[in-house]
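Here the structure is a predicted model, which means the values were calculated and not measured.
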Amino acid sequence: MYEQIHNILLDRDGTVIEERHYLAAPDGVQLIPGAGPALRALMDSGRRLFLVTNQSGIGRGYFSLAQYEAVQGRLLQLLSEEGVELTATVMCPHGPDDGCVCRKPLPGLWEELRATHGLDPARTIMIGDKVADIRFARSAGLAAAALVLTGHGRQTAIDQDLGLPHPLAKAVALHPLTIPDHPDILAPDLGAVADLLLKT
């Protein structure tokens with residue numbers, strides 16, 4: 001079903017790395033267990049990886065652009081140690097009241113990636129832990145949106161009344177056509193999404 005997916009858009013906090021409230025220090029960066037091997041497997045299959053992240057802590061004055069870049073540098077180092085290379089990262093530094101067009105769920109970051117890397121929405125999936133990530137996928141017209149239960153994902157699933165199975169051992173396909181904020185895929189973590197994509 002998802003064999004056409006070639007581009008993987010990834011939320012950062014709560015999806016690739018452990019959720020930290022307004023992460024500002026490199027020593028707080030920790031990959032979610034299994035994220036490294038999952039991303040390596042996706043990359044080895046020929047898929048391209050893109051990080052798409054809101055960082056309103058910059059706009060709110062909680063940390064600086066330099067601090068964000070230090071955190072990002074640490075993340076790239078940890079990914080490199082796992083044999084993972086991101087094709088690109090795009091970031092919105094604005095607060096929710098700044099009136100920008102790049103803050104998820106608006107499609108500004110998608111348009112930037114699409115223009116720079118020639119991405120096809122029909123071959124692209126968004127993976128994240130918040131409703132904003134699902135809405136971002138919808139606003140960009142992507143092939144699918146996956147919700148992981150790491151980070152804020154479990155609470156998001158509860159808030160969206162997804163009938164969360166306990167425990168959820170693998171990724172499951174949902175049918176969100178009548179409820180736009182529901183994901184196409186519900187998964188315990190990034191590794192489970194990778195397993196689903198790699199088996200199709």
Between Ser45 (side chain) and Leu42 (backbone), is there a donor-acceptor pair under 3.5 Å?
yes

Do the side chains of Met43 and Leu79 join up, straight or via other hydrophobic residues, at under 4.5 Å, putting them in one cluster?
yes

Exam field: side chain Ser56 to backbone Gly59, donor-acceptor pair closer than 3.5 Å
no

Is Asp98 salt-bridged to Arg60, cutoff N-O under 4.0 Å?
no

Is any side-chain heavy atom of Ile17 closer than 4.5 Å to one of Leu23?
yes

Ile125 with Val148, same ILVMFWY side-chain cluster at under 4.5 Å
yes

Walk me through whether Val52 and Leu113 qualify under side-chain contact (heavy atoms from CB on, under 4.5 Å).
CA-CA 9 Å; Val52 183; Leu113 285 175; 3.8 Å; yes

Does Ser139 use its side chain to pair, donor to acceptor, with the backbone of Pro105 at less than 3.5 Å?
yes

Do Phe50 and Ile134 share a hydrophobic cluster (ILVMFWY, side-chain heavy atoms under 4.5 Å, transitive)?
no

Indicate yes or no for a side-chain donor-acceptor contact from His182 to the backbone of Gln160 under 3.5 Å, with no hydrogens or angles considered.
yes

In Glu19, His21, Arg20, the residue satisfying side-chain contact (heavy atoms from CB on, under 4.5 Å) with Asp13 is Glu19

Transitive ILVMFWY side-chain link Leu196 to Met126, under 4.5 Å
no

Looking at Arg48, is its backbone amide N or carbonyl O close enough to the side chain of Asn7 to form a donor-acceptor pair, meaning the two atoms are under 3.5 Å apart?
no

Look up atom CG in Leu86 and atom CG in Leu10, then write down how far apart they are to the nearest 0.5 Å.
7.5 Å

Can you tell whether the side chains of Lys199 and Asp195 come within less than 4.0 Å, N to carboxylate O?
no

Kindly determine whether Lys104 and Asp11 satisfy salt bridge (charged side-chain N to carboxylate O under 4.0 Å, His left out), including the steps that lead there.
CA-CA 10 Å; Lys104 291 183 294 182; Asp11 175 56; 3.0 Å; yes

Measuring from atom NE2 of His94 to atom SG of Cys102, what distance do you get when rounded to the nearest 0.5 angstrom?
5.0 Å

Report yes or no: does Asp184 contribute a side-chain atom to a donor-acceptor pair with the main-chain N or O of Ala145 at less than 3.5 Å?
yes

Please report the interatomic distance CZ(Arg114) to CG(Leu142), rounded to the nearest 0.5 Å.
9.5 Å

Looking only at atom types and distance, does a side-chain atom of Thr124 sit under 3.5 Å from a main-chain N or O of Asp120, one as donor and one as acceptor?
yes

Would the distance check show the side chain of Gln67 and the main-chain N or O of Ser64 forming a donor-acceptor pair, the cut-off being under 3.5 Å?
yes

Would you indicate whether Glu85, at its atom CD, is surrounded by more than 12 heavy atoms from other residues, nucleotides or ligands within a distance under 6.0 Å?
no

Cluster check Leu198, Leu49: I/L/V/M/F/W/Y, side chain < 4.5 angstrom
yes

To the nearest 0.5 Å, what is the distance between CD1 (Ile32) and CG (Leu190)?
7.5 Å

Of Leu75, Leu9, Thr87, which meets side-chain contact (heavy atoms from CB on, under 4.5 Å) against Leu51?
Leu75

Between atom NE2 of His6 and atom CG of Leu197, what is the distance when rounded to the nearest 0.5 Å?
13.0 Å

